[in-house]
Enquirer: 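What follows is a structure written as C-alpha cells; I'll ask about it next.
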Amino acid sequence: MVEIDKIFDSFSGRSLFKNKNVLRINYVPEAISHRDKQIENVASILAPALKGERVSNLFVFGNTGSGKTLVVDYVSDELVKRVQANGEDVLKIVNVNCKLKKVADTEYRILAEIIRQFGGSVPVTGLPTDSVYNKFIEIIDGKKQLVLIVLDEIDQAVKKISDGFLYTLTRLNSELRNAQISLVGISNSLTFMDGLDPRVRSSLGEEELVFPPYNALQLQDILKERALQAFNEGALEEGAIAKCAAFAAREHGDARRALDLLRVAGELAEREGSKQALLRHIDEANKKIERDKMLDIIESEPKQFQLVLYSIINLHERTNGRQFFTGDIYDNYEGICNKTRNEILTQRRVSDILAEFDMLGIINARVISKGRQGRTREIKLMIPNSILSKAKEIIRDSVELG
DNA sequence: CGAGATTCATGTGAAGTATACCTTTAGGCTTAA
DNA sequence: AAGCCTAAAGGTATACTTCACATGAATCTCGTA
C-alpha cells in the first residue's frame with residue numbers, strides 16, 4: 001500500500017504529501033518527543049520481560065491523544081526487537097482495543113481476540129467461556145514465556161462488562177505452569193480505578209502512570225517533525241502548524257487531533273488542487289473531523305440502533321432542538337418500524353439503547369422526575385445540525401427507509 | 001396551609017426466550033484386510 | 001474391525017423480551033390552625 005501511494009503521488013506530480021502515513025494515528029515514529037520520562041517509566045517497569053520474567057501489571061492513564069498508546073506500542077516494539085535480537089523467544093505481546101464493537105466488547109470476545117492474535121481460532125459463539133479460557137491457557141502455556149496483554153480503552157470494557165474478567169485474568173497466573181501473564185491497561189478516564197472491586201484494584205494497580213496532556217509548544221514540535229516527513233517542501237502555508245497545535249491544545253492537548261487536522265487539511269487542499277495547505281483548510285478540516293467521527297459511529301451502529309436514532313433525529317427537528325422524553329421517542333420509533341415493516345423492540349430494550357447512545361455521546365440523557373407526569377429520561381440530541389441531513393441519509397441507506 | 005399519601009411514566013434488575021452456532025456422541029455406512 | 005460421515009442431543013453467548021418492582025417530585029388529601 002505504502003509503495004503504491006508513493007508511486008501514485010509522485011506520478012500525479014503535484015501531491016502535497018511525501019508520505020501521508022506518517023500522519024496516521026497508528027504510525028509509530030522512530031523518536032517520540034516530549035514523552036521521554038514516560039517512555040523511561042514504562043520501559044523500566046516492563047524491562048524484566050526481556051528475560052521472560054513476569055512484570056508488574058501496569059495502568060496508564062491520560063486524556064485522548066496524550067501518547068499513551070503510542071508510548072506503550074513503542075516500548076513493546078523495542079522489547080520484542082530486543083528479545084528477538086538475543087535469539088530468544090520468551091515474550092509475546094498482544095494488543096486488544098476493547099472499544100471495538102463486535103470485536104472486543106465482551107469477555108468472550110476479548111479472550112477470543114487474544115487467542116486469535118496467537119494464531120488460534122475461536123468460533124463467534126457457542127463455546128462456554130471457561131472452555132475459551134482453557135483454550136487460552138493451553139495455547140500460551142506450551143512453553144516458558146511472558147505474555148503481555150495490552151488492553152487499550154479498558155474503561156470501555158469494564159463499563160460494559162463487569163470488572164470480574166480482569167480479576168479472572170490476573171488469577172490465571174496460578175494456573176499456568178510455564179507461561180506468565182502481565183497486564184497493561186490503558187484508560188482515558190482518570191477515575192477509572194475508583195469504580196473497581198478492591199481486589200481487582202490491588203492486583204491490577206501494581207504500577208500506575210499518568211500521562212499529562214501536551215502543551216501547545218510540544219504539540220508544535222511533534223507536528224513539525226511529522227510534517228517534515230509527511231509533506232513535500234512548501235506544501236504548508238506559514239503558520240499552519242502553529243494553528244493546528246493551537247486547535248489541539250484547546251482540546252486538552254490531544255496530539256491525535258492535531259495530526260488528524262494536519263492530514264485532513266492536506267487532503268482537502270489537495271482535492272481542491274491547491275498547491276499549499278492553507279490556514280483556512282485547517283478550519284475546514286476541524287469541522288470535517290468532528291463530522292466524520294460522528295458519522296462513522298452512526299454508520300457502524302446496528303439496524304435497530306439506527307432506527308431509534310432516526311426517530312430521535314425526527315423528534316429533534318420537529319421540536320426545534322428542544323428536549324424530549326423516552327416515551328416520545330418510543331412512539332415515533334414504533335411509527336417508523338410500522339411504516340418500514342421492521343420489528344419493534346420493547347420499551348425496555350429501547351431504554352438500554354438510549355443509555356448506550358448516551359455513552360457514545362450521540363445524545364445527552366438525564367433521568368428526571370416530572371412529578372405527576374412520571375419519571376423519564378430527558379433527552380437532547382448532540383449531533384450538530386450541520387450533519388443531520390447526512391446522518392439521516394446514512395441511516396436511510398442502511399435501513400432502506402425510503 | 002402543610003405534612004404525608006398518591007400517582008404517573010418510565011427506570012432498572014432478574015430471569016426467561018429465540019437464535020445461531022459449537023462439541024460430543026451414537027449410529028450407519030464404507031472400506032480395507 | 002477400523003474409519004469416516006451424519007444427524008441428533010446437549011450446551012453456550014448474545015440480543016432481546018417478560019415480569020416485577022423501584023423512583024421521585026408534582027399533585028392531591030385531609031387534618032389542623
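Lettering of chains follows the sequences in order, A, B, ..., and the numbering in each one begins at 1.
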Enquirer: Measure from NZ or CZ of A:Arg263 to the centre of the six-membered ring of A:Phe17 and say whether it is under 6.0 Å with the direction within 45° of the ring axis.
Expert: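 No, A:Arg263 and A:Phe17 do not form such a contact.
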Enquirer: State whether A:Tyr167 and A:Arg199 meet the cation-pi test: NZ (Lys) or CZ (Arg) under 6.0 Å from the six-membered ring centroid, and within 45° of the perpendicular axis.
Expert: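 Yes - A:Arg199 lies over the ring of A:Tyr167, closer than 6.0 Å to its centre and within 45° of its axis.
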Enquirer: CZ of A:Arg171: more than 12 outside heavy atoms within 6.0 angstrom?
Expert: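 Not more than 12 within 6.0 Å, no.
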Enquirer: Check the distance between C:dC16's C1' and A:Ile344's CD1 and give it to me in whole angstrom.
Expert: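 Atom CD1 in A:Ile344 sits about 14 Å away from atom C1' in C:dC16.
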Enquirer: Taking 5' to 3' order, which nucleotide of DNA chain B is first and which is last to have an atom within less than 4.0 Å of a heavy atom in chain A?
Expert: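 Going 5' to 3' along DNA chain B, contacts run B:dT6 to B:dT23.
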Enquirer: May I have the distance from A:Gln373 (atom CD) to C:dC28 (atom C1'), rounded to whole angstrom?
Expert: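 Taking atom C1' of C:dC28 as the reference, CD of A:Gln373 is at 13 Å.
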Enquirer: Respond yes when some side-chain nitrogen or oxygen of A:Arg372 is under 4.0 Å from OP1 or OP2 of C:dT27, and no when none is.
Expert: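 No, because none of the side-chain N or O atoms of A:Arg372 sits under 4.0 Å from OP1 or OP2 of C:dT27.
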Enquirer: Would you check if A:Val72 and A:Val60 make a side-chain contact, meaning some heavy-atom pair closer than 4.5 Å?
Expert: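 Yes. Closest side-chain heavy atoms under 4.5 Å.
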Enquirer: Please list, for nucleotides 8-11 of chain C, all pairs of protein and nucleotide N/O atoms separated by less than 3.5 Å.
Expert:
unit_1	atom_1	unit_2	atom_2	d
C:dG11	N2	A:Gly126	O	3.3

Enquirer: What contact category does A:Thr106 fall into here, base, sugar-phosphate, or nothing, at under 4.0 angstrom with non-hydrogen atoms?
Expert: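 The answer is sugar-phosphate, as A:Thr106 gets under 4.0 Å only of primed atoms, P, OP1 or OP2.
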Enquirer: Nearest whole Å is fine: how far is C:dA22 P from A:Arg377 CZ?
Expert: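 A:Arg377 atom CZ is separated from C:dA22 atom P by 19 Å.
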Enquirer: For the residue pair A:Lys370 and A:Phe325, would you count it as a cation-pi contact if the rule is NZ or CZ under 6.0 angstrom from the ring centre and within 45 degrees of the ring axis?
Expert: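 Ring-cation test returns yes.
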Enquirer: Without decimals, in angstroms, what is the distance between A:Gln347 CD and C:dT17 P?
Expert: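 Taking atom P of C:dT17 as the reference, CD of A:Gln347 is at 11 Å.
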Enquirer: What is the distance, to the nearest angstrom, from the OH atom on A:Tyr108 to the C1' atom on C:dA15?
Expert: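 That distance rounds to 16 Å.
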Enquirer: I'd like to know if A:Lys37 pairs up with A:Glu40 as an ion pair, taking the criterion as any Lys NZ or Arg NE/NH1/NH2 lying under 4.0 Å from an Asp or Glu carboxylate oxygen.
Expert: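 Salt bridge absent between A:Lys37 and A:Glu40.
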Enquirer: Given C:dT18, is OP1 or OP2 found less than 4.0 Å from the side-chain N or O atoms of A:Thr346?
Expert: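 No, because none of the side-chain N or O atoms of A:Thr346 sits under 4.0 Å from OP1 or OP2 of C:dT18.
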Enquirer: Whether A:Lys92 engages the ring of A:Phe118 as a cation-pi pair (distance to the six-membered ring centre under 6.0 angstrom, angle to the ring normal within 45°) should be assessed.
Expert: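 Yes, a cation-pi geometry holds between A:Lys92 and A:Phe118.
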Enquirer: Are the side chains of A:Leu146 and A:Lys51 in contact, using a 4.5 Å heavy-atom criterion?
Expert: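 No, their side chains stay 4.5 Å or more apart.
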Enquirer: Between A:Phe192 and A:Phe59, is the gap from one ring center to the other below 6.0 Å?
Expert: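 When the ring centroids of A:Phe192 and A:Phe59 are compared, they turn out to be within the sub-6.0 Å range.
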Enquirer: Grab the CZ-P distance between A:Phe325 and C:dA25 for me, whole Å please.
Expert: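 Distance check: A:Phe325 CZ to C:dA25 P gives 15 Å.
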Enquirer: Could you give the CG-to-P distance, from A:Leu111 to C:dA13, as a whole number of Å?
Expert: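 Distance check: A:Leu111 CG to C:dA13 P gives 12 Å.
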Enquirer: Could you tell me the separation between the CZ atom of A:Arg348 and the C1' atom of C:dT17, rounded to a whole number of Å?
Expert: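 Computing the A:Arg348:CZ to C:dT17:C1' distance gives 10 Å.
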